[in-house]
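The structure appears below as structure tokens.
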Amino acid sequence: MRNRLKFIFITATFAAVSIIFSQFYWVYNNYAVTRSGYIRTAGYALQKSIENYQLTQNKLPTSLNYKAPTLTVFMRTIPDQDPIALDTPDTKRRFHAEFMTVAIDSGNLDLVRGLIARLQSQQKHNSVNIDSLSGIFHKTLSENGITDTFRLTVTPGKAVIPADEIAAVVSFYKTPVVVHAALSHPTAVLIRDNIIPAAISCLLILLSAGSLFYMWKTIQNQMKLNNMKNDFINNVTHELLTPVSILKTSNEAMISFGAADNPESLRRYLQTNVAVLDTMSANIERILDISRSESGMLLPVYREINLPGLIHSLTERLAVTTAAHIQLTNNLPVSFVVTDAFMVERIVENLLDNSIKYGGSSVEISVSSEQQNWLLAVADNGKGIPAHSLPFIFDKFYRVETGDLHEVKGYGLGLAYVKQLVTVLGGTITVKSHPGEFTVFTITIPYHE
Ligand code: ADP
């Protein structure tokens, strides 16, 4: 069983760790793909902006703006011919100039414009006007769905542009330059573009880790329950066998050894049997009450009772069967309290029983009042409860571990029963203990009208 659980747990851990790693990889991959796409789009926009900027810097032939764009190109000069003859200032010679007008396919218009602009620009030595290039660049970016702001810088030379940089070469000047674009708020863009996948991923990681943790807790609980169930079966068997064998022995004594003929012996045996049967029926009642209260069938029957009186008569009864010193302190302003007498009796009885069972030689019970509640505290100087067991002592079947041997008998149901009764009465129960020194159970129950 343990090995199987170990195997399941290792497999689940491996699966969860793989999910966590694949999530990290997915987020990183998503980041890398988004980033390279972003750089590509922005780089393309920068390139296009530089071309547009170039066009704005040069005066292009107006014939390119016609519906059917044309370009008139100079072909050659032929001296002394008419009719189109021109003077030149140097020679004053007449010559004929031959031009040719070519139609430009509108599909190639941009290429032709760019070519002419480049030719014109190469003649100039103007430096790039960053402000107007920035304006064009931001417009082109927004046409491509990017609204972030960039800072442009120009560096001389025809450098090779690394893949992770947004830059473009301006080659239409005599001395080429490189325009670099840097995001004004790179962190904000990084967060914005990756926040959703990262959040989804975090959620999945949390879910996987949470499920693993939950599974581990469930397995632990199951194992604990399994151990408690085995303990319970052992205890119940033991607790039933002991009274049954006492009853059997006394019956045999009455039948076989003539005890029935002696009224004094008969009375003694019957008295023993009644006590044994009372204990058995109280234990059975306790188990039944717990399941009744779990199904909401255990309801309090309120009556006005003399609370100190009730506890006093209970301690009197118990005092005869124990050597422990039991003391009752009454600090209640009024003696009569409206509550369920049967439930209060069971609560006190169980707590007292535990105090004596677990080594208390001196037990102090006190009743007092605090605001809208009445308080009942049971303190003893017994062996105490280790701190690590305190959170579990009100759980059903839980018994403080004492190795394989339980020197004190019990089902691990007493405190669970007490807690259920206190809850039914609308109250709370707390415990404080110092092993080897003391244990105090305090019950707080609101006054019932
Ligand atoms: P049981 O007494 O049948 O084992 P309970 O539910 O009454 O079951 O108590 C649960 C555990 O709490 C006990 O096993 C015992 O170790 C511890 N316990 C309860 N009351 C006391 C006490 N007064 N002093 C020391 N240990 C106690």
Side-chain angles (χ1 to χ4, degrees), residues 224-225 227-243 278-294 298 311 314-315 318-319 321-328 343-366 375-424 428-443:
K224 207 172 98 189
L225 271 179
N227 289 343
M228 288 205 291
K229 184 196 75 189
N230 291 343
D231 269 5
F232 177 68
I233 292 172
N234 284 342
N235 289 334
V236 169
T237 320
H238 193 262
E239 295 282 300
L240 286 180
L241 277 180
T242 315
D278 276 352
T279 318
M280 272 177 85
S281 96
N283 279 336
I284 293 169
E285 228 10 77
R286 196 159 64 169
I287 297 172
L288 285 178
D289 267 354
I290 287 189
S291 62
R292 270 188 219 127
S293 97
E294 274 181 355
L298 191 70
I311 297 172
L314 206 86
T315 53
L318 265 173
T321 59
T322 173
H325 175 68
I326 306 173
Q327 193 193 323
L328 170 67
M343 292 188 180
V344 173
E345 263 188 23
R346 296 293 78 72
I347 292 170
V348 179
E349 206 173 66
N350 275 285
L351 292 179
L352 271 181
D353 188 43
N354 275 353
S355 288
I356 296 163
K357 255 191 345 185
Y358 296 107
S361 58
S362 164
V363 186
E364 203 178 304
I365 311 174
S366 64
L375 269 61
L376 171 82
V378 178
D380 66 66
N381 62 347
K383 67 175 191 173
I385 305 168
H388 64 86
S389 293
L390 285 177
F392 311 108
I393 55 169
F394 297 107
D395 291 352
K396 263 189 298 177
F397 311 128
Y398 182 83
R399 305 201 72 208
V400 175
E401 278 176 28
T402 53
D404 279 345
L405 192 85
H406 274 296
E407 68 265 34
V408 181
K409 292 185 190 66
Y411 301 113
L413 283 175
L415 289 180
Y417 183 42
V418 168
K419 180 151 188 196
Q420 301 247 349
L421 294 176
V422 171
T423 311
V424 168
T428 53
I429 180 164
T430 55
V431 58
K432 265 194 198 143
S433 185
H434 205 288
E437 289 182 26
F438 68 88
T439 304
V440 191
F441 285 94
T442 309
I443 286 163

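Whatever order the structure lists ligands and atoms in, that order sets their numbers, starting from 1.
Annotation: F441 places no N or O atom under 3.5 Å from an N or O atom of ligand 1; distance criterion only. Residue Y398 has no nitrogen or oxygen atom sitting less than 3.5 Å from a nitrogen or oxygen atom of ligand 1, judged on distance alone. Note: no N/O pair closer than 3.5 Å links I385 and ligand 1 by distance alone.
G382 does not count as a contact of ligand 1, since none of its heavy atoms falls under 4.0 Å from the ligand.
For ligand 1, the atoms sitting less than 4.0 Å from at least one non-hydrogen atom of R399 are 1 (P), 4 (O), 14 (O), numbered in the order shown with element in parentheses. Listed by number with element, the atoms of ligand 1 under 4.0 Å from a non-hydrogen atom of K357 are 1 (P), 2 (O), 3 (O). Per-residue contacts place G412 under 4.0 angstrom from the following atoms of ligand 1 (heavy atoms of the residue considered): 1 (P), 3 (O), 4 (O), 6 (O), 8 (O). Atoms of ligand 1 lying under 4.0 Å from at least one heavy atom of I393, given by number and element, are 12 (O). Of all atoms in ligand 1, numbered sequentially from 1 with element shown, those under 4.0 Å from a heavy atom of L413 are 6 (O), 8 (O).
In this view, L225 and M228 satisfy the side-chain contact (heavy atoms from CB on, under 4.5 Å) rule, not counting sequence neighbours. In terms of the side-chain contact (heavy atoms from CB on, under 4.5 Å) criterion, residue partners of N381 (sequence neighbours excluded) are, by chain and number, S361, S362.
Relative orientation of the Y398 and F392 rings is tilted, given thresholds of 30° and 60° on the angle between their planes.
For Y417, no heavy-atom contact with ligand 1 is shorter than 4.0 Å. Only side-chain heavy atoms of T439 come within less than 4.0 Å of ligand 1; its backbone N, CA, C and O stay farther off.
Put simply, the side chain of F441 does not reach to within 4.5 Å of the side chain of V418, judged on heavy atoms.
Looking only at distances, no side-chain donor or acceptor of D353 sits under 3.5 Å from a matching main-chain atom of E349.
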| task | Evaluate the side-chain contact (heavy atoms from CB on, under 4.5 Å) criterion for residues I356 and I326: first the C-alpha distance (whole Å), next the side-chain angles of each, then the deciding distance (0.1 Å), finally the verdict. | result | CA-CA 9 Å; I356 296 163; I326 306 173; 4.2 Å; yes
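The NZ atom of K419 lies 14.5 Å from the CG atom of L413; values are rounded to the nearest 0.5 Å.
The minimum heavy-atom distance between S433 and G384, with the atom names listed, is OG-CA, 3.4 Å.
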